[in-house]
Number of protein chains: 2
Amino acid sequence: MMLTAAEENYLKAIYHLSDEGRKSVSTNDIAAEMKTKPASVSDMLRKLAEKEVINYRKYYGVNITPEGKKLALQTIRKHRLWEVFLVDKLNFAWDEVHEVAEELEHIQSPLLIQRLDAFLNYPKFDPHGDPIPDEFGDVRARPRIALNEMEINQAGQIVAVKDSSAAFLRYMDKVGAYIGARVKILDKVEFDGSVEILVDQKKSIFMSKDVASNILAIQS
Amino acid sequence: MMLTAAEENYLKAIYHLSDEGRKSVSTNDIAAEMKTKPASVSDMLRKLAEKEVINYRKYYGVNITPEGKKLALQTIRKHRLWEVFLVDKLNFAWDEVHEVAEELEHIQSPLLIQRLDAFLNYPKFDPHGDPIPDEFGDVRARPRIALNEMEINQAGQIVAVKDSSAAFLRYMDKVGAYIGARVKILDKVEFDGSVEILVDQKKSIFMSKDVASNILAIQS
DNA sequence: AAATAAAATTAGATATATCTAAAAAATAAT
DNA sequence: ATTATTTTTTAGATATATCTAATTTTATTT
Ligand SMILES: [Mn+2]
Ligand SMILES: [Mn+2]
Ligand SMILES: [Mn+2]
Ligand SMILES: [Mn+2]
């Protein structure tokens, strides 16, 4: 099975939306995610259904097939490996890698990815803490909790961000929150859900519920 | 100026053909180089002329403009830097890099190329001995001579191959000829132009005129 | 159950990139 | 100088990917 770059992008979007627990994914959701128009999505869904990477019932949304999931995970694997390369080897900041990886993920060469993986020493997570699927599409998910859902006095370690937008990542940099940082919940404001966090046993930072919900940690 | 991947490929082909000394480049030559049909070339020439990267007089072939040359050299720079990356960092063989570099060269990110160049330690030549243009499109050419044009008993060092096809490169590997090898012309057969070469002061190899003409050396 | 609103699809355009077959122009041969 | 050959261009198709506007279908209100 051979997909075009556009098809890979759509399939990845459908995979990500499916992964959020929805039973089926709507045309409008895909259009929003892809920043295209619903009419374009309808056209693409017909093509993806023909290639049997999604199940598509007109007017009722789509589900990704096992074959489609495998292909989506292959693209995601490439995307995340390239992100690791850009950060670890080319000294990109973690808020500068997404757009470039969005292009690099479409390069067609199994050998390239196999060698890149080895060169990077088989990384398990990308710079945003997202897991890198193995070559068979297997992802080992860690149990993660958003900071706003942790209890007061509970400690943990930041392992990922839910929002990988440059704006959010730069905010993280600004307040000194980073993947790997040890955190402890100092206070939770009941009124608006904002939280106060102790980072690395020395720095205290306030953040809104919205921000806290986009920072994921493992509890310790 | 923003070119599509296809436009970049055509422009590169036109640059390479121009570089062989022709005053102007013909539609058929471009079609042969690009492995497309002359009809497709005509279409593309109109577009490239509109973008002012070539001068095009219908039925009389094309010349690349200074702006076009600059853009072609930028693509060539990217192609060759990626080839160095693949060989030096990912342990690709020199006959395995061309196809992948042909895709990678179209990734649009000035920062990526700047960082890649630094990461590779500002290489001046690609794995086939071809010079890597600097970011302004300047290429410093070395005087090179094909092995079949050297005199008997003359010594030199292989610095590049004219033919970078996988088949030719594998032949080079097979007979033990490589970029950097010290060579001396032992004999030249007048009848068919074939030559006998001493490699690294120990190994003698015979090669046809055709092969010898595709191996470039600097004389010492 | 009708009417209204929202969501999704289709119809018809535009843009890119390619092809085959036919026509036109330039070049070579008689 | 015609004629023949080669080269190049144009005309008309096909395929991908996107859009706007119109239509159809589903979902929500009254
Ligand atoms: Mn992409
Ligand atoms: Mn990421
Ligand atoms: Mn290319
Ligand atoms: Mn090369």
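Convention: sequence-line order gives letters A, B, ...; per-chain numbering from 1.
- The distance from atom NZ of A:K37 to atom P of C:dT14 is 18 Å, rounded to the nearest whole Å.
- A parallel orientation is assigned to the rings of A:F168 and A:Y171, their planes being inclined by less than 30° (bins at 30° and 60°).
- Phosphate contact (OP1/OP2 of C:dT16, side-chain N/O of B:Y10, threshold under 4.0 Å): absent.
- With the nearest nucleotide of DNA chain C identified for both B:A39 and B:K51, B:K51 has the one nearer the 5' end.
- Atoms CG (A:N28) and C1' (D:dT26) sit 13 Å apart, rounded to a whole Å.
- If you take CZ of A:R57 and C1' of C:dA7, they are 15 Å apart, rounded to a whole angstrom.
- Among B:K12, B:K47, B:K51, the single residue meeting the side-chain hydrogen bond (donor to acceptor under 3.5 Å, both in side chains) criterion with B:E7 is B:K51.
- Distances shorter than 4.0 Å separate some side-chain N or O of A:S40 from OP1 or OP2 on D:dC19.
- For the pair A:E7 CD and D:dT16 P, the interatomic distance rounds to 8 Å; values are reported in whole Å.
- B:S42 comes within contact range of at least one nucleobase, with a heavy-atom separation under 4.0 Å.
- A salt bridge does not link B:R77 with B:D134: every distance from a Lys NZ or Arg NE/NH1/NH2 to an Asp or Glu carboxylate oxygen is 4.0 Å or more.
- In this structure, B:Y59 atom OH and C:dA26 atom P are separated by 7 Å, rounded to whole Å.
- When rounded to the nearest whole Å, the span between NZ of A:K58 and P of D:dA27 equals 16 Å.
- A perpendicular orientation is assigned to the rings of A:F119 and B:F85, their planes being inclined by more than 60° (bins at 30° and 60°).
- Nucleotide D:dA15 holds its C1' atom 9 Å from the NZ atom of A:K47, rounded to whole Å.
- Nearer to the 5' terminus of DNA chain D, by closest-nucleotide assignment, is the contact made by A:T4 (compared with the other of A:Y60 and A:T4).
- Side-chain atoms of B:S26 lie closest to D:dT8 of the nucleotides C:dT27, D:dT8, D:dC19.
- B:M34 places its CE atom 16 Å from the P atom of C:dT16, with the value rounded to the nearest Å.
- Each of B:H98, B:E83, B:R80, B:K162 was scored for a side-chain hydrogen bond (donor to acceptor under 3.5 Å, both in side chains) with B:H128, with one residue passing: B:E83.
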